[in-house]
Amino acid sequence: MEKINKETVDLILSEKYNENFWLFELGRTEQIISDSPPIEHQFMNSFFEKGEQLWAKHKEKIKDYLCDKEKSEPKQFAKNLTNETLIELVHRIIELLTNTHNIGEAIAIPLCGLALKKGVHALCK
């Protein structure tokens, strides 16, 4: 996988977008992974609820990578994040999801954004 572009990293790390934004974006990706035909009136589909369902389905994969489950806290590398390593973490989470778990980048990006907005410490508890 090629590294994602700077604009995508900036979007993920931006303070402008909260958890609800990423849940909505994640829900919009449901059509990408679903075998069902496209919904004629997508505005009637609850992207937010679909996002919550997809988050519940995939968050353990991110927790396994970031968290020490025995201690219910972030692994050492996640505790020591700086601005530079946070950018690298974005790349690694997306790469992990796309390569190891066969999740498309369109889904991996909102999953990564959501994980970081929730906060690594909160996610690990």
Side-chain angles (χ1 to χ4, degrees):
M1 179 189 110
E2 277 186 40
K3 292 223 176 203
I4 59 174
N5 64 38
K6 181 182 180 334
E7 290 81 19
T8 302
V9 173
D10 290 346
L11 178 71
I12 291 170
L13 298 178
S14 173
E15 294 297 319
K16 292 181 185 179
Y17 305 103
N18 61 18
E19 288 180 36
N20 291 341
F21 170 83
W22 290 110
L23 284 168
F24 181 84
E25 287 298 302
L26 186 57
R28 287 184 345 122
T29 67
E30 205 269 337
Q31 287 296 316
I32 295 168
I33 61 172
S34 175
D35 289 336
S36 61
I39 297 170
E40 186 174 322
H41 301 288
Q42 285 190 346
F43 65 88
M44 296 176 72
N45 186 12
S46 174
F47 293 129
F48 186 83
E49 288 177 13
K50 295 281 187 191
E52 288 179 318
Q53 292 168 2
L54 285 171
W55 172 247
K57 180 179 176 181
H58 295 291
K59 75 178 177 182
E60 287 303 314
K61 296 167 188 168
I62 296 172
K63 285 177 70 170
D64 286 343
Y65 178 67
L66 295 173
C67 305
D68 179 335
K69 289 194 175 193
E70 290 180 14
K71 296 179 182 178
S72 295
E73 63 183 36
K75 292 178 180 175
Q76 194 61 44
F77 79 89
K79 287 182 187 178
N80 298 331
L81 289 174
T82 64
N83 285 342
E84 293 79 24
T85 57
L86 190 57
I87 293 168
E88 184 60 30
L89 180 63
V90 168
H91 290 288
R92 287 184 184 205
I93 290 172
I94 293 171
E95 185 176 355
L96 169 82
L97 292 171
T98 56
N99 291 342
T100 310
H101 300 290
N102 294 324
I103 295 173
E105 193 172 288
I107 298 166
I109 290 170
L111 282 171
C112 180
L114 190 53
L116 295 179
K117 291 304 170 190
K118 286 190 172 292
V120 176
H121 290 277
L123 186 64
C124 294
K125 290 185 179 187

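In what follows, residues are counted from 1 in the order of the sequence shown.
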Task: Residue among K59, K69, K75 satisfying salt bridge (charged side-chain N to carboxylate O under 4.0 Å, His left out) with D64 - done: K69

Task: L97 side chain reached by I107 side chain, heavy atoms, under 4.5 Å - done: no

- [ ] Take T29 and L26 through the test side chain to side chain contact (heavy atoms under 4.5 Å, CB included) and record every step on the way to the result.
- [x] CA-CA 5 Å; T29 67; L26 186 57; 4.0 Å; yes

Open item on the list: Whether R92 and E95 form a salt bridge (side-chain N of Lys/Arg under 4.0 Å from carboxylate O of Asp/Glu) is what I want to check.
Closed with: no

Task: H58 NE2 to C112 SG distance, which is reported to the nearest 0.5 Å - done: 14.0 Å

Open item on the list: Within the supplied structure, the quantity of interest is the number of heavy atoms (other residues, nucleotides, ligands) at a distance under 6.0 Å from E49 CD; does it exceed 12?
Closed with: no

TODO: Report the C-alpha separation of T85 and N80 in whole Å, then their side-chain angles, then the decisive distance to 0.1 Å, and conclude whether the side chain to side chain contact (heavy atoms under 4.5 Å, CB included) test is met.
DONE: CA-CA 8 Å; T85 57; N80 298 331; over 6 Å; no

Task: Shortest non-hydrogen separation from A78 to P74 and the atoms involved - done: CB-CB, 3.8 Å

Task: Side-chain heavy atoms of L114 within contact of E19, under 4.5 Å - done: yes

Task: Inter-residue atom distance Q53.CD - S46.OG, 0.5 Å rounding - done: 8.5 Å

Task: Which atom of W22 lies closest to which atom of L11, heavy atoms considered - done: CZ2-O, 3.7 Å

Task: Between CG on residue D68 and SG on residue C124, distance to nearest 0.5 Å - done: 8.5 Å

Task: Partner of I94 by side-chain contact (heavy atoms from CB on, under 4.5 Å), out of V9, I109, L89 - done: I109

- [ ] With rounding to the nearest 0.5 Å, note down the distance linking CD in E25 to CG in L54.
- [x] 12.5 Å

- [ ] Would you check if N18 and K117 make a side-chain contact, meaning some heavy-atom pair closer than 4.5 Å?
- [x] no

Open item on the list: As a test of understanding, state which of K125, K79, H121 forms a side-chain hydrogen bond (donor to acceptor under 3.5 Å, both in side chains) with E73.
Closed with: K79

- [ ] Starting at NZ of K63, measure out to OG of S72 and round the result to the nearest 0.5 Å.
- [x] 8.0 Å

Open item on the list: Do I12 and Y17 have side chains that approach each other closer than 4.5 Å (heavy atoms only, starting at C-beta)?
Closed with: no

Open item on the list: Is the shortest side-chain heavy-atom distance between N20 and L23 below 4.5 Å?
Closed with: yes

Task: Nearest-0.5 Å distance, CD of residue E60 to CH2 of residue W55 - done: 9.5 Å

- [ ] Could you check I103, L111, I93, T100 and say which one makes a side-chain contact (heavy atoms from CB on, under 4.5 Å) with K61?
- [x] I103

